[in-house]
Amino acid sequence: MDVEDNNPKKSCCSKTRCSVIVLVSVLVSVAILCVVTFATDIREKVQYDTSKLEWWKTSPVYQIYPMSFKDTNDDGKGDLNGITEKLSYLSVLGVKAIWISPFYESPMKDNGYDIINYTAIDPLFGTMDNFDHLLVKAKEKDIKVIIDFVPNHTSNQSQWFTDSESRVEGYEDFYVWVNGTGDTTPNNWTNTLGASAWAWSDIRQQYYYHNYLVEQPDLNYRNPAVIAAVKDVLRFWLDKGVAGFRVDAVVHLFESENLQEQETTVNLPEIFPVIEGWKKLLDTYSDPPRVMFSEATSVDKEIIRKYYDAGTIPFNFDLVKQVNRTCDGMCFRDVIKEYMETLRSDDWPNFLTGSHDFSRVATRLEKDKARAIAMLLLTLPGTPIIYYGEEIGMTDVPYTFTESHDTFGLRLGEDGYRNKTRDPERSPMQWTSATNAGFTNDSVHPWLHLSLESPKVNVEVQKTIASGILQLYKDLIKLREYPSFETSELEFALVAHDILSYVRHARGWQMHLVIINLSSQSATHDFSSGPVFSTKGTVAVTTDSSLSVKQEVDLTSVTVEANQGVVIAVKYQKH
């Protein structure tokens, strides 16, 4: 035996070293196991957190056209107290935010979009005390109030315009005034009615520009005093407690200085610093944070992004303007996909299927599709905008020329008014089966007559139908509280001529598969492949009477009836 091997010291050191090595190895192994286990545990427990989402990202916005919502003083026209009276209905429906179209003092040449005084209530709708009361009651119901803001133009009866026309100091350049003669307009620009965009003032001996009606002169945003005055208007309503604004006709705020090309009167770059100024003002208010939506119609990606960068959410009209009765599953997919690809990760989406300016869904896309489109609207990413009455399946109401009120249509005469009138989609809300559908007293003549369908199509009747469209809206709005529907993510699944389907999923939460049949025949398909990757699921919401909530379904073969839809909670399966 080697002498060194008999050295007790060396032998002891070797044993100790081995023990240390073994111990270290064990500790490292345990540490690795702990890290792996901990990481796995964290990975399984980390979930998409909705607690810090702004309120407009967690609720649909319900648009109210006040003249048509509810009359409480028996004059045949809706009012602010009518909105207050129906807040409980809106609360039960599940909406947490309402957008109210104009109620300001106005001669009503454009149903309130021609404003005399931005900080006064038109007596038609009530008083400022009525509005303040509405805000108080809405807050009690946890309903935010967004109001229409019309910055592009005023009424020609506005004091601002009167002072500008008379060249009162400080108001000389509040509007777009141009030299000319009474017989020769400054250029050949036309307004939205196709007539000249210029009107002559005998008082001032100049022309003023009006992109809309002659009674709606455009403000001059190249004048800093106008920008300051309009900002004061915003501040007035913010101080009262409104939660935000829907900005009307914002694309027309500026006109080209050289007055040469009318194409350069839309989305001029000068618009965006003005919006940024409004956003900075809104950001000085909190509890709740304030929001700004804008009527900014544009298909140009860069323009849309400029609006977002300026601090406003531009309304998305694609489901109104780019789809029609011939649009199938792939058509809808392409329209939605193009819009979603326009947005960046921080751009919050929104969808609407109707408003006070567009034909109702049940008319434009047929009654049979109303329920399927409701499911589409309320399961897509972002903030959905619900136009009053859509939740009960209201349709356009035809009016004769003598029954019409919309100035845009009336000015085209009896032969052409139908091409421009917006009265059909503004008919009174249908609350009950009574003579005037509960909109106003039975003995009162409403400003627009009720739909002939109102005895059967109304809130009162819909409340009794467990599978009715009103209940569908309630179910879908409730479903939207689930985190998977409070993200801006969307992934399309199977899409064909008859079917549009997609998944809504948030990290760490239940995946939901939305299937909508847009055809006139039942359709059966396999939805189990990517991105679903599962063969089993449970019905969460359905418009289809052949399916029932909580029913288990085989995702390899799902049948959906014509013009119907279903939302399925997907059972997770490892793959």
| said: Using the side-chain contact (heavy atoms from CB on, under 4.5 Å) criterion, which residues pair with Val459? Sequence neighbours excluded. | reply: Tyr89, Ile392, Met429, Trp431, Lys463, Leu470
| Listed by chain and number, what are the ring-ring contact (aromatic ring centres under 6.0 Å, His included) partners of His512, not counting sequence neighbours? | Tyr482, Phe485
| note | The complete set of salt bridge (charged side-chain N to carboxylate O under 4.0 Å, His left out) pairs with one or both residues in residues 479-498, sequence neighbours excluded, reads Lys478-Glu481
| field | Partners passing salt bridge (Lys or Arg N to Asp or Glu O under 4.0 Å) against Lys77 (at least two apart in sequence or in another chain) | value | none
| query | What residues form a side-chain contact (heavy atoms from CB on, under 4.5 Å) with Asp396, not counting sequence neighbours? | reply | Ser359, Arg360, Thr363, Pro424, Glu425
| said: Holding to side-chain contact (heavy atoms from CB on, under 4.5 Å), I want the full list of residues that pass it with Glu453, two or more places apart in sequence or in another chain. | reply: Lys367, Thr395, Ser451, Val457
| said: Test: salt bridge (charged side-chain N to carboxylate O under 4.0 Å, His left out). Region: residues 130-140. Which pairs qualify, not counting sequence neighbours? | reply: Asp132-Lys240, Lys137-Glu140
| For Asp318, side-chain contact (heavy atoms from CB on, under 4.5 Å) partners two or more places apart | Asn316, Gln322, Val335, Tyr339
| query | What residues, two or more places apart in sequence or in another chain, satisfy side-chain hydrogen bond (donor to acceptor under 3.5 Å, both in side chains) together with Asp239? | reply | Tyr285
| query | Partners of Ser68 by side-chain hydrogen bond (donor to acceptor under 3.5 Å, both in side chains), sequence neighbours excluded? | reply | Trp447
| field | Residue list, side-chain hydrogen bond (donor to acceptor under 3.5 Å, both in side chains) with Ser345, at least two apart or on another chain | value | none
| Quick one: side-chain hydrogen bond (donor to acceptor under 3.5 Å, both in side chains) partners of Glu366, sequence neighbours excluded? | none
